[in-house]
Amino acid sequence: AAKTAGKRQWRRYHPALQSGMAERAKLQEGLDSSSIETSFMVLYQPIVELASGRIAGFEALVRWPHSARGMVLPEQFITLAEESGQIVPLGAWVLDQAAAEAVRWEEFVLRGGTADRNTPYVSVNVSPRQFRDEEFYNVIRRALDLSGIEPSSLVLELTESVLMYNDERILAEMSALTDLGIRIAIDDFGTGYSSLSYLREFPISILKIDKSFVDKLGRSPEQYALVEGITHLADTLGLTVIAEGVEDVRQQESLISMGCPFGQGYLFAEPVGAEEAKHLVLAPPLGRMAGLAGTPTEG
Ligand code: C2E
Ligand code: MG
Ligand code: MG
Ligand code: MG
């Protein structure tokens with residue numbers, strides 16, 4: 001009886017935890033029972049050249065539209081999908097969608113006949129569990145073959161946690177991918193692993209500076225110094241930098257002034273559906289400073 005009472009009390013005093021666990025179980029159940037092709041969708045967020053507002057690529061971001069819950073964001077289900085292993089087929093599906101879309105952009109650019117447009121690349125997030133899966137290389141090969149995408153138009157985003165252990169297998173796996181012509185980006189750069197030596201060890205092409213560093217740009221000299229330092233480091237190592245989460249013109253200006261070439265964020269565009277992304281490919285440059293490259297912005 002005491003046990004029951006205790007339980008009841010626990011229920012009464014921790015309703016949030018209780019419902020959080022139930023919610024999680026329900027989400028997991030929904031994930032497990034959903035068919036990937038019919039349940040998920042992929043959105044695309046432009047990655048732009050900061051000085052011109054021109055689109056260089058798009059990041060593919062998965063969504064789970066749910067009849068009762070609305071649009072479920074990755075924060076709420078990626079971890080669950082990693083735990084259950086479902087991230088492996090889900091990630092492969094996202095990759096196939098994204099690669100097929102990039103091929104459509106290429107056709108669109110060619111048909112559009114606009115000589116000054118390059119075909120945007122597509123950048124796909126890869127979770128550690130996917131990357132470690134022994135079939136990963138074959139999944140990539142299959143996606144390339146199925147879609148016909150140029151390997152140079154595909155970027156894979158890995159987080160620093162994948163590189164935590166400087167292990168021969170990880171290096172071999174990454175080299176096999178880059179030998180195909182695929183580029184590798186480090187996502188959320190600066191938030192994970194503290195050693196920088198891996199930047200020399202692994203065949204990395206792109207650093208994506210985490211939004212948390214970009215947030216206070218323009219308001220904090222320390223933050224400015226950090227982002228500028230990362231930009232210079234990347235430059236010295238021959239890496240490209242993309243700033244994540246650029247939300248206002250002041251951040252854009254700061255980034256341009258320190259030599260950061262690319263950015264991504266709500267200032268330019270939120271993640272959009274495939275159809276809208278296709279239209280953005282031929283649309284005028286994005287952002288308020290679009291076309292003002294080289295013009296002084298003070299005052
Ligand atoms: P991420 O790869 O760092 O993606 C950037 C996130 O920042 C996206 O959130 C994007 O919508 C959001 N974002 C972009 N610009 C802004 C901005 O200006 N302000 C703010 N506040 N947010 C901005 P999203 O789509 O919710 O994705 C969250 C995370 O989920 C991603 O972070 C990525 O780690 C993961 N994820 C998304 N799609 C996939 C996928 O297909 N596979 C895997 N494994 N992970 C994915
Ligand atoms: Mg990413
Ligand atoms: Mg990121
Ligand atoms: Mg991030």
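Read the numbers this way: they start at 1 and go in the same order the structure lists the ligands and their atoms.
Contacts of Asp188 with ligand 1, taken as heavy-atom pairs under 4.0 Å, involve the side chain alone. Contact annotation for Leu61 and ligand 1: heavy atoms of both the backbone and the side chain come within less than 4.0 Å of the ligand. Only the side chain of Glu59 comes within 4.0 Å of ligand 1, judged by heavy-atom distances. Here Ile78 has side-chain heavy atoms under 4.0 Å from ligand 1, and that is the only part of it that gets that close.
Of the N and O atoms on the side chains of Ser35 and Thr38, at least one donor lies less than 3.5 Å from an acceptor on the other residue. One side chain, Ser52 or Glu49, offers a donor N or O that lies under 3.5 Å from an acceptor on the other. In the model, Glu135 has a side-chain atom that pairs as donor or acceptor with a side-chain atom of Asn138 under 3.5 Å.
Ligand-side atoms of ligand 1 in range of Asp187: 1 (P), 2 (O), 3 (O), range being under 4.0 angstrom from any heavy atom. Every atom of ligand 1 with a heavy atom of Gly245 under 4.0 Å away is listed here by number and element: 16 (C), 17 (C), 18 (O). Annotation for ligand 1: atoms under 4.0 Å from non-hydrogen atoms of Glu247 are 17 (C), 18 (O), 19 (N), 20 (C), 21 (N). Residue Glu75 approaches ligand 1 through these ligand atoms, each under 4.0 Å from one of its heavy atoms: 26 (O), 28 (C), 29 (C). The distance from ligand 1 to the heavy atoms of Gln45 drops below 4.0 Å at these ligand atoms: 14 (C), 15 (N). Under a 4.0 Å criterion applied to the non-hydrogen atoms of Gln130, ligand 1 contributes the atoms 44 (N). Within the listing of ligand 1, atoms 19 (N), 20 (C), 21 (N), 22 (N) sit less than 4.0 angstrom from a heavy atom of Lys211.
Ion pair Glu107/Arg104 not flagged as a salt bridge, since none of the NZ, NE, NH1 or NH2 atoms sits closer than 4.0 Å to an Asp/Glu carboxylate oxygen. A salt bridge links Lys208 to Glu59: at least one charged side-chain nitrogen sits closer than 4.0 Å to a carboxylate oxygen. Salt-bridge check for Glu23 with Arg69: passed, with a basic side-chain N closer than 4.0 Å to an acidic carboxylate O. Using a 4.0 Å cut-off between charged nitrogen and carboxylate oxygen, Glu247 and Lys211 count as a salt-bridge pair.
Look at Arg63 and you'll find a heavy atom under 4.0 Å from some atom of ligand 1.
Distance alone, capped at 3.5 Å, places no donor-acceptor pair between the Glu270 side chain and the Gly265 backbone. Checked by atom type and distance alone, the side chain of Glu157 never pairs as donor or acceptor with a backbone atom of Ile186 at under 3.5 Å. Proximity of a side-chain donor or acceptor of Ser33 to a complementary backbone N or O of Glu29 within less than 3.5 Å is detected.
Not less than 6.0 angstrom separates the ring centroid of Tyr137 from the ring centroid of Phe131. Taking the six-membered ring wherever Trp is involved, the centroid distance between the rings of Tyr44 and Trp105 falls below 6.0 Å.
Within the structure, the ring pair (Phe, Tyr, Trp, His ring centres under 6.0 Å) test picks out no pair touching residues 217-276 (sequence neighbours left out).
The nearest N, O or S atom of Asn125 is closer to the Mg ion (ligand 2) than 2.8 Å. At a cut-off of 2.8 Å, Asp187 is counted among the residues with an N, O or S atom near the Mg ion (ligand 2). The Mg ion (ligand 2) has no N, O or S atom of Glu244 inside 2.8 Å of it. For the Mg ion (ligand 3), the set of nearby N, O or S atoms under 2.8 Å includes none belonging to Glu59.
When the heavy-atom distances from atom 35 (C) of ligand 1 to Gly91, Pro74, Ala185 are ranked, the shortest goes to Pro74. For atom 38 (N) of ligand 1, the nearest non-hydrogen atom from the set Val62, Val72, Leu90 comes from Val62. Among Leu158, Asn125, Leu73, the residue whose heavy atom lies nearest to atom 45 (N) of ligand 1 is Asn125.
Between Tyr266 and ligand 1, a contact under 3.5 Å exists for at least one N or O pair. Below 3.5 Å of separation, one finds no N or O of Pro271 facing any N or O of ligand 1.
Between the Mg ion (ligand 3) and the N, O or S atoms of Asp188, the shortest distance is to OD1. Glu157 has its closest N, O or S atom to the Mg ion (ligand 2) at the position named OE1.
Ring geometry, Trp64 versus His66: the interplanar angle exceeds 60°, so the pair is classed perpendicular (tilted spans 30 to 60°).
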